[in-house]
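Below is one structure; the comments refer to it alone.
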Number of protein chains: 4
Amino acid sequence: MEKLFFASDYMEGAHPEIIQRLIDTNMEKTIGYGNDVYSESARGKIRKACNAPDADVFFLAGGTQTNAVIIDSVLRSYQGVIAAKTGHISAHEAGAIEYGGHKVLEIEGRDGKITAADIRSLITDYKQDANHDHMVMPGMVYISQPTEYGTLYRLDELKEISRICREEKITLYIDGARLAYALACPENDVTLQDMADLCDVFYIGGTKCGTLLGEAVVIPRPDYIPHLFTIIKQHGALLAKGRVVGIQFDTLFTDCLYDRIGENAIKTADVIRKMLLDKGYELAFNSPTNQIFILLEKEKADEISKKVELAFWENTDDSHVIMRIATSWATTPEDVSRLAECL
Amino acid sequence: MEKLFFASDYMEGAHPEIIQRLIDTNMEKTIGYGNDVYSESARGKIRKACNAPDADVFFLAGGTQTNAVIIDSVLRSYQGVIAAKTGHISAHEAGAIEYGGHKVLEIEGRDGKITAADIRSLITDYKQDANHDHMVMPGMVYISQPTEYGTLYRLDELKEISRICREEKITLYIDGARLAYALACPENDVTLQDMADLCDVFYIGGTKCGTLLGEAVVIPRPDYIPHLFTIIKQHGALLAKGRVVGIQFDTLFTDCLYDRIGENAIKTADVIRKMLLDKGYELAFNSPTNQIFILLEKEKADEISKKVELAFWENTDDSHVIMRIATSWATTPEDVSRLAECL
Amino acid sequence: MEKLFFASDYMEGAHPEIIQRLIDTNMEKTIGYGNDVYSESARGKIRKACNAPDADVFFLAGGTQTNAVIIDSVLRSYQGVIAAKTGHISAHEAGAIEYGGHKVLEIEGRDGKITAADIRSLITDYKQDANHDHMVMPGMVYISQPTEYGTLYRLDELKEISRICREEKITLYIDGARLAYALACPENDVTLQDMADLCDVFYIGGTKCGTLLGEAVVIPRPDYIPHLFTIIKQHGALLAKGRVVGIQFDTLFTDCLYDRIGENAIKTADVIRKMLLDKGYELAFNSPTNQIFILLEKEKADEISKKVELAFWENTDDSHVIMRIATSWATTPEDVSRLAECL
Amino acid sequence: MEKLFFASDYMEGAHPEIIQRLIDTNMEKTIGYGNDVYSESARGKIRKACNAPDADVFFLAGGTQTNAVIIDSVLRSYQGVIAAKTGHISAHEAGAIEYGGHKVLEIEGRDGKITAADIRSLITDYKQDANHDHMVMPGMVYISQPTEYGTLYRLDELKEISRICREEKITLYIDGARLAYALACPENDVTLQDMADLCDVFYIGGTKCGTLLGEAVVIPRPDYIPHLFTIIKQHGALLAKGRVVGIQFDTLFTDCLYDRIGENAIKTADVIRKMLLDKGYELAFNSPTNQIFILLEKEKADEISKKVELAFWENTDDSHVIMRIATSWATTPEDVSRLAECL
């Protein structure tokens, strides 16, 4: 019997509607670098979905790339980016932000989130330090929605963070690598329009939400980042066949596919969460989206891992470990049943 | 009637065999970051085609990205890369190499090529300069096969360049963005095996040779670039669904598709070249591969451009311009006939 | 009456013997860039003092510059440097290490110091993480002797740290900005020879220890950092008149001036520490060298600051602050008496 | 008999008035990082000399450092700097500009100079190129006064260059490493005030004009480069004892020392030039300042080099070489007589 995979939400190819669209358009000739009709159409649909008619929209290949390009293009050399210690840019991008010359100003955070008060405190400390001219100036706040731990920022929390950023004239940037799973979550009260209202840049995740690859950067106020096209090229992040991502996002934003695509992941994750609690497993974080974190004894983790591929998260002590189960748009009832048997 | 496109070799999606393979494998679950079975299989086939059984093979998304990652991972901070002034890295990558901290040591070159003597001379000048400790040390030679002007290095030329690089202990790197069009060209006498023998790193182009995206980096001697996986991640160049490129290269190296895929481009280019000369057009460079450069009066260029999309190359004087015609694996006899009518 | 200065140890020009030497040699002609006879002589004396006859010795202008150059020249792009959260490179170099592309892997530490166990734990976590290829690899340990809080590493602690670094093949680098004050401290049991034995690179501080400017980098095993001269030039850190620092270090290492120069600072600091405790002040850290950290109520701190210039260190809460008193080779008994009156 | 040195203008310590001032102020206590009274006084005098009452003035240690800091702080990541191929930043800074991420857009130039027409042409080519979004955008013009070949920009030439820069909204930056020798040259018609009027940033050279070290950056319009203090720190270019450079520039701008200090160099260079022509030597460039370039047969160059230290400049062919003679504020009539005997 085939091994069961619950390690992540990027284990299949693309959503069938996307693959079909790639097939249908395959032999058409289009101009390159994202100036094709499909990319243009996708931009229009995204602007509409975000209620941001003038927004700049760019398509990139992946999340680390998007974070590196955006952070580097916004910050001046003497500025750093505030993020949770558990933020993707802090820990799991192999130093991509530092490679671009910028310090990640880490906040301890809680369950993957940072608060407006944390941010305020970091900025105040910086400003009150008599030697702050010898220190890295906070120039941006980076948060993820949902976070790396599957948790969500509530609208009121996001508004508070946005208010501080605007008061302090620093950029608010939201990493939406798994945004579809937030949008489909009943607990979520933050819409695409809210994000466009409250932040300066954000990206709508594709790779983890059903595309072969690709993320859509949205900059609600146009020209907030001048010459971003050239910066993307300089970072090696410009695809010659820009249509490859454009067509996929055009499909995701046709007939509200992006709203629908996360639903299955949330439903199956809910089933699994209930099942885990019923079986007496302990959850490490209280996350309502498509990622579930279980605290396991190492031996138990090893045993389960023989039957189902989970993602290692962290060692909590010498004998315990946190493992992640991720569902996706592609998770089937059979997958869930088989998982139930393994646990 | 639809406009005719001859502007480049990346105007369609992917070769039909590739698209079919993406469809067939779409719902399979695989692990990420290029460790899947398809990427592994593609690596094996590429090693075999190159007669380099121990080679490291990595898949990246595009050419500028590949150049930036490889050059940055090989050079030490005080080293630069020797390249033709017309090399892609010199002129058309928006400063990606300099963004990584390295100077491009430009050689004037001829028809897109540089010679062993040019390289020898640059290195000798450096070494003989009493102040060379205050200068950028040559650490790599970058050439393209075929070049940005469609010309080819002959095997004896490549051997001579390789010999110098080995004597001087500097890296020889070949950009094969359009390699399929060299391999399919009757004038070409350099095989994949020769490249693996003679250079330290090269890449086999996908984007311009029939994939949706993707390039395959080949490093004949394993571990020549330690920790390249992490460097790729740090540059934002690691695809979560690495299989997307792996499957495409696995297809390109199944049943010799990569050998076949350039043939149509060369044949149609030959027809067009003959037709142009018959009609009295002047070719700017003598290129035997899939790129054709015509010297035109500006007015004539504008007139043609209304009917067929060509690529602007350069202004030669106030009244003349060089335009590029590119054929590809997808160019049809109908395209050629229609082009004949437009010219 | 003139204001009293105890804010730092770099408030005067140079030690009188150094100034005299600069006067005596002023009109001699020497070649540039550190190849002059005085720099050469200083190198010889430093090698002897360190019992490292083959050591490479380079002279740079200041501490942040030295840290940036050394860290950047040792680390590969995918590596970071382990340091205390309170280390100079972590907090007070305006992101110079990140500007060079490297993450500072911060350890909480205690009283400015990190332990071998801390380092071991960070490296083990990295190695055991299933995703460590997506993370910054530890490539160097940075410690300061004395630390930014005036504390000292004991020889046994340093040996333990050195042992781990050698086991793990990572570089051990010691920032000796205030090294003279460690060497002159009775509590210190680490000699220059020990440092040369136990670490891969260290620098002997000049600016804070009696020169106008300048630090001496010692690399016990020659060619541990190839082409460092060119790297220094590339960082804008090469002085045309290299002699300016060479002459000063030649003087510091003539007749053991570097051993003597810290003594006065230690003696006067001891007097001040005793005086503070007698007067009921609370010391924030237990530091035996030339830096004294007092915990003060903010109002008290403001009051004292009107009469004597101290250095602000940090706010501990809304009403308390840590202020630093620093003595130096130039602190006079009169300065100490006047300080006594102010407190 | 001692060897004669004419290799450069930085072979002695400092001008006697400067050394005296360092002695006189040595034991005064001042605050650090250039905020001391001497640096402040020097700033005032420089503003006055430049007729730029609001100018920002910063003191750095050396020329390469100053160029790297200024260029990096002005340019955005996607921009490059236009310079002569013979410019110091193009050839002799070990890639410091590229280390900061920026391409040097080289112009062939003539006798070390570039023309307004050259600059206009480069910018026009960039703007007219259909693919300029894939290219490095010109963001600054870098020129040297006097140039690396000892030649001078005339006021009308400088005005023309300035006009283009303002039209195109790109920064004009002048490297004045040897500015004193321009100001003292009878052929020169460009004053400090002209420079402050016509360019956005320039630096007044110290190291090659009589200081131990140090250059003064002048930014006529304040805040043209925001947060430059922190950028300087981040580049490791901030001296803790900022006074060391401040005092030297305060002296240079007291009683017009900076106007006087170049006179001797020009006079002695004139004598040497006449002597060389009388003896039948061939000058490689027609330079009126303190640098003289002689074209010599290699054998002759070797013979002379045994008796007098000259600077190697370049090989012109297999049997000829250009050597440089440099005079300075410190060149004596005896030096000149002895040189006459050697030639």
Side-chain angles (χ1 to χ4, degrees), chain A residues 2-5 7-8 10-16 19-20 22-23 25-32 36 60-69 72 92-96 98-100 207-208 211-213 229-241 243-245 247 309 330 335, chain B residues 2-5 7-8 10-16 19-20 22-23 25-32 36 60-69 72 92-96 98-100 207-208 211-213 229-241 243-245 247 309 330 335:
Chain A
E2 234 180 69
K3 199 172 177 186
L4 195 55
F5 283 92
S8 71
Y10 42 87
M11 311 198 80
E12 292 84 12
H15 189 277
I19 279 285
Q20 190 56 51
L22 287 171
I23 299 168
T25 58
N26 189 55
M27 292 309 294
E28 294 179 22
K29 288 179 199 288
T30 63
I31 52 172
D36 61 283
L60 283 94
T64 295
Q65 180 181 83
T66 303
N67 290 337
V69 168
D72 196 44
H92 289 103
E93 301 194 347
E98 291 82 5
Y99 176 75
T207 308
K208 290 169 177 164
T211 62
L212 290 176
L213 81 163
F229 181 93
T230 302
I231 297 172
I232 289 171
K233 175 72 184 173
Q234 186 180 53
H235 278 255
L238 188 68
L239 293 177
K241 296 183 181 172
R243 69 197 255 171
V244 172
V245 179
I247 290 166
E309 182 98 15
D335 293 333
Chain B
E2 234 180 70
K3 198 174 178 183
L4 194 55
F5 283 93
S8 71
Y10 43 88
M11 312 199 79
E12 292 84 10
H15 188 278
I19 279 286
Q20 190 56 50
L22 287 170
I23 299 168
T25 59
N26 189 54
M27 292 310 293
E28 294 178 23
K29 287 180 199 287
T30 63
I31 52 172
D36 61 283
L60 282 94
T64 294
Q65 181 181 83
T66 302
N67 290 336
V69 167
D72 197 42
H92 289 102
E93 301 194 347
E98 291 82 6
Y99 176 75
T207 309
K208 290 170 177 163
T211 62
L212 289 175
L213 81 162
F229 182 92
T230 304
I231 297 172
I232 289 170
K233 176 71 183 173
Q234 186 180 51
H235 278 255
L238 188 68
L239 292 176
K241 296 182 182 172
R243 71 197 256 171
V244 172
V245 179
I247 290 166
E309 182 96 16
D335 292 335

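Predicted, not measured: the structure shown is a model, and the values here were computed from it. In the text below, chain A, chain B and the rest are named by the order of the sequence lines, each starting its count at 1.
- For the atom pair B:Tyr99 OH and A:Asp72 CG, the distance stands at 3.5 Å (nearest 0.5 Å).
- Heavy-atom minimum distance, B:Leu213 versus B:Val245: O-CG2, 4.2 Å.
- Counting heavy-atom pairs closer than 4.5 Å to chain A, the top-ranked of the candidates B:Gly32, B:Ala237, B:Ala96 is B:Ala96.
- Only the side chain of B:Glu309 comes within less than 4.5 Å of a heavy atom in chain A; its backbone stays farther off.
- Neither the backbone nor the side chain of A:Ala7 comes within contact range of chain B; no heavy atoms are under 4.5 Å apart.
- Options A:Gly100, A:Ala14, A:Ala330 differ in how many heavy-atom pairs under 4.5 Å they form with chain B, and the most are formed by A:Ala14.
- Interface summary for chain B: among A:Ala240, A:Ala68, A:Gly62, the most heavy-atom pairs under 4.5 angstrom belong to A:Ala240.
- Ranked by heavy-atom pairs under 4.5 Å with chain A, the first of B:Leu22, B:Thr230, B:Ile31 is B:Ile31.
- B:Ser8 does not touch chain A: none of its heavy atoms, backbone or side chain, sits under 4.5 Å away.
- With a 4.5 angstrom heavy-atom cutoff, A:Ile19 touches chain B only via side-chain atoms.
- Neither the backbone nor the side chain of B:Thr66 comes within less than 4.5 Å of any heavy atom in chain A.
- For the set B:Arg243, B:Lys29, B:Lys233, B:His235, the entry with the most heavy-atom pairs within less than 4.5 Å of chain A is B:Lys29.
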